[in-house]
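All values below come from the heavy atoms of this structure, side chains included, with hydrogens, waters and symmetry mates left out. Because the structure is a prediction, the values reported are computed rather than measured.
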Amino acid sequence: MSEMDDAGLLGPARMGDETAFSQLFAKFQRQVFRYASYMGGQDAADDIVQETFLTVLRQKDRRDAPTGSLAGYLIGIARHLLMKRQANPAAWTTEEITPEIAVDPGPCAFDRVLTTQSVEIVRAAVRSLPPVYREALVLCELQDMDYVVAASLMHCPVGTVRSR
């Protein structure tokens with residue numbers, strides 16, 4: 001589906017078209033989740049994804065199309081929600097739920113533990129970065145976003161994103 005088709009989903013999704021909303025959610029939920037989990041942590045990601053797509057549904061009266069990509073528009077909403085969450089964490093009370101993870105029987109237990117530890121080390125390293133550097137890394141490297149799009153989302157020059 002092209003960006004033109006993506007933009008065609010936004011209007012009907014805003015108006016409550018279930019099929020358009022389902023397609024929009026199916027296409028962009030993972031990108032928004034990945035961004036939210038790296039920027040706000042695993043516990044925040046589900047809430048941010050849910051609030052991002054609820055925000056789209058609440059925009060019933062909006063007729064304007066996003067100026068950039070639809071993925072950038074949705075991540076922009078998620079970014080705004082994350083900043084609100086960080087500014088007032090008490091307003092975002094969540095219930096701690098441990099998701100069940102399906103285990104592939106292929107690799108042995110040692111390989112699974114090693115992989116899990118490696119992933120956790122990388123996630124911890126990303127989380128330890130200051131937010132401005134973490135956001136540049138998440139958007140450009142983990143979300144494969146163009147520097148220009150990331151710069152517009154972060155409200156800074158392209159050179160600043162590149163240097164981060």
Side-chain angles (χ1 to χ4, degrees), residues 1-89 91-102 104 119 122-123 126-127 129 131-158 160-162 164:
M1 195 176 274
S2 70
E3 281 188 35
M4 187 66 166
D5 295 334
D6 292 345
L9 289 175
L10 183 61
R14 283 176 172 166
M15 297 304 295
D17 181 326
E18 289 181 36
T19 303
F21 183 79
S22 294
Q23 290 175 351
L24 186 73
F25 185 82
K27 183 159 185 177
F28 294 103
Q29 177 267 339
R30 292 179 106 184
Q31 282 180 286
V32 174
F33 180 85
R34 215 171 31 236
Y35 172 79
S37 67
Y38 277 108
M39 292 306 297
Q42 288 290 120
D43 58 329
D46 285 328
D47 291 339
I48 296 299
V49 169
Q50 179 178 337
E51 284 299 317
T52 298
F53 286 96
L54 283 174
T55 299
V56 170
L57 288 175
R58 290 183 191 122
Q59 296 176 335
K60 189 176 290 194
D61 296 329
R62 287 188 72 172
R63 302 283 183 249
D64 60 327
T67 55
S69 71
L70 191 52
Y73 175 73
L74 293 170
I75 288 174
I77 293 172
R79 181 179 190 262
H80 176 76
L81 292 167
L82 277 161
M83 289 183 347
K84 279 176 55 177
R85 181 185 179 110
Q86 290 169 347
N88 188 7
W92 293 75
T93 57
T94 59
E95 186 179 316
E96 186 80 24
I97 299 174
T98 305
E100 291 184 28
I101 299 172
D104 181 4
V119 167
V122 170
R123 284 185 178 155
V126 170
R127 278 192 304 269
L129 292 171
V132 293
Y133 296 110
R134 182 174 55 221
E135 187 169 37
L137 177 74
V138 168
L139 290 174
C140 297
E141 295 301 321
L142 302 176
Q143 295 287 341
D144 293 324
M145 194 171 283
D146 184 67
Y147 288 138
V148 174
V149 176
S152 72
L153 274 174
M154 295 170 63
H155 306 291
C156 67
V158 174
T160 302
V161 174
R162 286 188 178 125
R164 290 179 180 168

Quiz item: Can you find a heavy atom in the side chain of Leu24 that is under 4.5 Å from one in the side chain of Phe53?
Solution: yes
Quiz item: Does any non-hydrogen side-chain atom of Gln143 lie less than 4.5 Å from one of Arg34?
Solution: yes
Quiz item: For Asp17 and Thr19, which heavy atoms make the closest approach, and how far apart are they?
Solution: OD1-N, 2.9 Å
Self-check item: Side-chain heavy-atom pair Gln42, Phe33 within 4.5 angstrom cut-off
Solution: yes
Self-check item: Side-chain (Thr160) to main-chain (Cys156) donor-acceptor, under 3.5 angstrom
Solution: no
Self-check item: Shortest non-hydrogen contact between Gln31 and Ile75, atoms and distance
Solution: O-CD1, 4.5 Å
Exercise. Could you check Glu135 against Tyr38 for side-chain hydrogen bond (donor to acceptor under 3.5 Å, both in side chains), going step by step and ending with a plain yes or no?
Key: CA-CA 8 Å; Glu135 187 169 37; Tyr38 277 108; over 6 Å; no
Practice problem: Hey, could you give me the CD1/OG1 distance between Ile77 and Thr52, rounded to the nearest 0.5 Å? | Solution: 6.5 Å
Quiz item: Got a second to check how far Glu18's CD is from Phe25's CZ, nearest 0.5 Å?
Solution: 14.0 Å
Quiz item: Shortest non-hydrogen contact from Gly40 to Ala44?
Solution: O-CB, 3.6 Å
Practice problem: Hey, could you give me the OG/CG distance between Ser37 and Asp46, rounded to the nearest 0.5 Å? | Solution: 9.5 Å
Quiz item: Hey, mind stepping through Arg79 and His155 against side-chain contact (heavy atoms from CB on, under 4.5 Å) and telling me if it holds?
Solution: CA-CA 12 Å; Arg79 181 179 190 262; His155 306 291; 3.7 Å; yes
Exercise. Check for a donor-acceptor pair, side chain of Arg134 on one end and backbone N or O of Arg127 on the other, with a separation under 3.5 Å.
Key: yes
Quiz item: Between Glu51 and Lys84, does at least one N-O distance fall below 4.0 Å, as a salt bridge requires?
Solution: no
Exercise. Specify the closest pair of heavy atoms between Ala136 and Arg164, including all atoms of both residues, with the distance to one decimal.
Key: CB-CB, 3.7 Å
Self-check item: Any Arg58 side-chain heavy atom under 4.5 Å of Arg14 side chain
Solution: no
Quiz item: How far apart are the closest heavy atoms of Arg85 and Asp47, and which atoms are they?
Solution: NH1-OD2, 3.5 Å
Quiz item: Take atom CD in Glu141; do more than 12 heavy atoms of anything else shown fall under 6.0 Å from it?
Solution: no
Quiz prompt | CG-CG distance between Leu153 and Leu139, expressed to the nearest 0.5 angstrom | solution = 6.0 Å
Quiz item: How many angstroms lie between atom OH of Tyr73 and atom CG of Leu10, to the nearest 0.5 angstrom?
Solution: 5.5 Å
Quiz item: What distance do Gln50 atom CD and Thr55 atom OG1 have between them, rounded to the nearest 0.5 Å?
Solution: 10.0 Å
Quiz prompt | Minimal non-hydrogen separation, Ala13 against Val56, with atom names | solution = CB-CG1, 4.4 Å
